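To start, the structure under review is shown below, and the notes come after it.
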Amino acid sequence: MIILKTAHELALMREAGRIVAEVFDMLQSRLRPGVTTGELDRLAEELIRRRGAVPSFKGYRGFPAAICASVNEEVVHGIPGSSRQLRQGDIVSIDVGAIHQGYHGDSARTFAVGEIGVQARRLLEATEGALYEGIAQARVGNRFGDISAAIQRYVEDRGFSVVREYTGHGIGRRMHEEPQILHYVHPADPNRNRRLRSGMTFALEPMVNVGTWKTELLADGWTVVTQDRQLSAHFEHTLAITKDGEAEILTRL
Ligand code: MG
Ligand code: MG
């Protein structure tokens with residue numbers, strides 16, 4: 001069942017989203033060659049707690065940190081570490097979640113560390129662009145399958161591939177609610193013909209690979225990497241379908 005939110009709940013989710021957006025602003029200003037992902041994690045957790053919120057990820061199924069930090073060929077769920085130093089030319093996908101008065105905000109962005117290569121730049125643009133293509137389809141009257149198709153088309157037109165194993169999701173009191181939203185078209189997707197309605201809140205989060213869409217899980221039990229070890233990027237926003245039927249991005253200032 002998809003849980004529709006009241007105006008009051010949307011107000012709380014807007015606040016949760018704002019805190020997450022603030023964390024990204026802060027991370028942007030701290031990101032440079034030499035910084036460790038452990039340091040970014042510490043700063044993010046500090047800011048989330050200073051706002052009276054709680055990091056969504058810490059302790060989630062045993063995850064040990066407040067943010068996920070996935071470098072280069074790492075797709076998602078990378079564990080930050082005090083020995084994981086970012087280098088000039090790296091890309092790092094950071095995923096942040098915060099719980100404010102019981103409601104989650106969830107967002108991700110891939111950052112360039114210093115100057116990056118042409119292919120990495122194109123990958124970041126394609127991934128962020130794909131997220132916004134999906135958001136443009138998120139309105140009352142459309143189906144979830146319209147979002148999936150728009151994201152896939154945008155990515156594949158640029159010669160990249162969409163990760164299949166990780167999907168967008170409803171969000172609210174729980175970080176992962178129904179529906180599951182694919183970022184590619186699958187004929188057996190049970191939600192592809194479901195229509196969007198006002199009061200729905202969900203996160204879209206395409207992960208885009210330079211090479212194959214296939215991924216592998218590393219031995220730490222968390223870090224997901226591309227099977228061919230080529231680069232991957234990840235952009236995510238939490239959205240609400242408002243009364244006027246359009247998508248409002250909650251995780252942005
Ligand atoms: Mg996320
Ligand atoms: Mg998410």
Side-chain angles (χ1 to χ4, degrees), residues 16-51 53-60 63-99 104-114 116 120-121 123-132 163 166 168-169 171 175 183 203-209 215 218 220 222-226 231-238 249-253:
R18 209 190 137 70
I19 294 165
V20 170
E22 235 190 294
V23 171
F24 279 105
D25 251 28
M26 179 276 294
L27 290 174
Q28 172 98 67
S29 72
R30 298 299 187 121
L31 206 95
R32 62 177 63 88
V35 74
T36 68
T37 56
E39 172 74 356
L40 297 176
D41 177 60
R42 189 185 64 72
L43 291 164
E45 178 164 5
E46 218 174 76
L47 179 52
I48 290 168
R49 294 197 188 277
R50 211 183 311 135
R51 294 290 175 267
V54 175
S56 302
F57 305 159
K58 202 160 190 177
Y60 183 83
F63 190 76
I67 66 171
C68 301
S70 310
V71 183
N72 296 334
E73 77 280 5
E74 296 173 359
V75 179
V76 272
H77 305 159
I79 302 171
S82 55
S83 58
R84 190 70 193 263
Q85 218 172 35
L86 296 175
R87 287 183 240 167
Q88 161 85 18
D90 282 344
I91 59 172
V92 58
S93 300
I94 297 184
D95 201 333
V96 178
I99 313 168
H104 289 265
D106 184 11
S107 181
R109 190 191 296 180
T110 302
F111 292 95
V113 183
I116 58 173
R121 174 59 55 199
L123 178 69
L124 266 54
E125 285 166 3
T127 311
E128 187 169 23
L131 171 60
Y132 282 93
V163 170
Y166 304 90
H169 52 91
I171 180 168
M175 185 158 61
H183 303 117
L204 299 180
E205 52 176 310
M207 291 149 219
V208 175
N209 297 348
T215 64
L218 294 188
D220 65 14
W222 281 106
T223 311
V224 176
V225 296
T226 54
L231 296 177
S232 184
H234 182 203
F235 282 81
E236 173 179 31
H237 272 307
T238 297
I249 300 175
L250 301 179
T251 39
R252 137 172 123 179
L253 292 175

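Computed from a predicted model, the values in this text were never measured in an experiment.
One finds the CE atom of Met26 at 8.0 Å from the CD atom of Glu46 (value rounded to the nearest 0.5 Å). Atoms CD1 and OG1, on Ile116 and Thr110 in that order, are 9.5 Å from each other to the nearest 0.5 Å. The line from CD1 of Ile79 to CZ of Phe63 is 5.5 Å long, rounded to the nearest 0.5 Å. Going from atom CG of Leu231 over to atom CG of Leu123 covers 6.5 Å, rounded to the nearest 0.5 Å. Note that OG1 of Thr238 and CE of Met175 are 10.5 Å apart. Values are rounded to the nearest 0.5 Å. Note: Ile48 CD1 to Ile19 CD1 = 8.5 Å, rounded to the nearest 0.5 Å.
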Applying side chain to side chain contact (heavy atoms under 4.5 Å, CB included), run through Arg18 and Leu253 and close with a yes or a no.
CA-CA 6 Å; Arg18 209 190 137 70; Leu253 292 175; 3.8 Å; yes
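Counting all heavy atoms, side chain and backbone alike, Pro64 lies closest to Trp222 at CD-NE1, 4.3 Å. When every heavy atom of Leu86 is checked against every heavy atom of Leu40, the shortest pair comes out as CD1-CD1, 4.1 Å. Smallest separation of non-hydrogen atoms from Ser70 and Gly78: OG-N, 3.1 Å. Contact record, Ser232 with Ile91: O-CD1, 3.5 Å, taken as the closest heavy-atom pair. Considering every non-hydrogen atom in both Thr36 and Gly81, the closest pair reads CB-O, 3.6 Å. Shortest non-hydrogen contact noted between Arg32 and Val113 is C-CG1, 3.9 Å.
Using a 4.5 Å heavy-atom threshold, the side chains of Tyr132 and Ile249 count as touching. By the 4.5 Å heavy-atom criterion applied to side chains, Leu31 and Val92 are counted as neighbours. Under the 4.5 Å side-chain criterion, counting only non-hydrogen atoms from C-beta, Pro80 is in contact with Ile67. Between Asp106 and Asp95 the shortest side-chain heavy-atom distance falls below 4.5 Å.
Between the side chains of Glu205 and His169, at least one donor N or O lies within less than 3.5 Å of an accepting N or O.
A ring-centre distance under 6.0 Å is found for His77 and Tyr166.
Salt-bridge formation is detected for the pair Glu74/Arg84: a Lys NZ or Arg NE/NH1/NH2 atom is positioned less than 4.0 Å from an Asp or Glu carboxylate oxygen.
Residue-environment remark: CZ (Arg30) stays at or below the threshold of 12 foreign heavy atoms within 6.0 Å.
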